[in-house]
Amino acid sequence: MLVLVNTNTMQPPIAPVGLEYVAAAAHEAGIAVRVIDLGLADDPAATLETGLAGCDPVLVGLSFRNADDCFWPSAQWFVADLRDIVDRVRRYCDAPICVGGVAFSIFRRPVLDRVGADFGIVGDGEQALVRLYRVITGQGPLEGVPGLIWRRKDHWHENDPAWPLSPKVGTHRDLVDNATYFARGGQIGFETKRGCDRGCVYCADPLAKGRTLRLRDPDEVADEVESLLRQGVDVLHTCDAEFNIPYTHAVAICEAFERRGLGDRLRWYAYLAVVPFDAALAAA
Ligand code: SF4
């Protein structure tokens, strides 16, 4: 069994879309998956203990979305909390622990050094975590796991991330309790693409998602949005770089939504660059 733990307990809550995509990929690959969502837990420590009790996982994956809260008055830093979660997981099971997620992909080795996990995955986690699971169960070498950071003797070794040009993710969105996140005022996200080819000096997005624009199939994005609508989730936020880059993909996404008649049933928010933006995109 693969256990995936959402370690993000910030409030208001953010539904763990990346973890859900990884869970869907593992499920699709025939791996039994258990999600332990600390973001919805009243008592995260107890939820972690209960979730790990008696399941004897092959691998535990920890998603790490935020290294800090990006808010000067509170200045919360979450690496120490992640260290605490790693220690607790080791108390309850012997499985190797792998950290992934956006914050991990940005800070990588300093995070691994501080939290004491066995592995980390930089970039897209869907295929990588499935490959790592296979390696741990005796199929293939660690060198074949995209984006994997692992120890070779006393040194960390880093495999190149895969950055697939057409990311494929699960569209059912039924492995995380998105409806409860929504009811609690949380943000529910979806992706229309990954990566960014711009060079804004203040931005970490290209570190976490690559420097190439990698576009999803617009109809698969619409399938995913319809899945969330069926759960009563009708306000969404894109987890992308600027939506209107590239312009043609933005129009294609809007047209896919329009073909399904989603326009009147859905409100969604996106980051946009000032240009390109014109009447045709506004109308779409
Ligand atoms: S365009 Fe947006 S996502 Fe891309 S580098 Fe600039 S700020 Fe980051």
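Ligands are counted one by one from 1 in listed order, and the atoms in each one are counted from 1 as well.
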query = How is the N/O/S atom of Glu242 that comes nearest to atom 2 (Fe) of ligand 1 named?
reply =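 Closest N, O or S atom of Glu242 to atom 2 (Fe) of ligand 1: OE1.
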Selection from Cys203, Ala241, Gly199, Cys196 by shortest heavy-atom distance to atom 8 (Fe) of ligand 1 =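 Ranked by closest heavy atom to atom 8 (Fe) of ligand 1, first place is Cys203.
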request  = Take Tyr181 and Asp37 through the side chain to side chain donor-acceptor pair (under 3.5 Å) test and state the conclusion after the steps.
outcome  = CA-CA 11 Å; Tyr181 272 99; Asp37 193 347; 2.8 Å; yes
message = Suppose we measure from atom 6 (Fe) of ligand 1 to each protein heavy atom; which comes out shortest, and what is that distance?
response =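 Of the protein heavy atoms, Cys200 SG, 2.3 Å lies nearest.
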query = Given Glu224 and Arg216, is the salt bridge (Lys or Arg N to Asp or Glu O under 4.0 Å) satisfied, shown in steps?
reply = CA-CA 11 Å; Glu224 182 178 342; Arg216 289 185 63 198; 2.7 Å; yes
query = Taking the side chain as C-beta and beyond, is there a heavy-atom pair between Lys209 and Val102 under 4.5 Å?
reply =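 Lys209 reaches Val102 side chain to side chain.
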ask   = For the residue pair Phe243 and Trp268, does the interplanar ring angle fall in the parallel (under 30°), tilted (30 to 60°) or perpendicular (over 60°) class?
value =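 The arrangement is perpendicular - the two ring planes meet at more than 60°.
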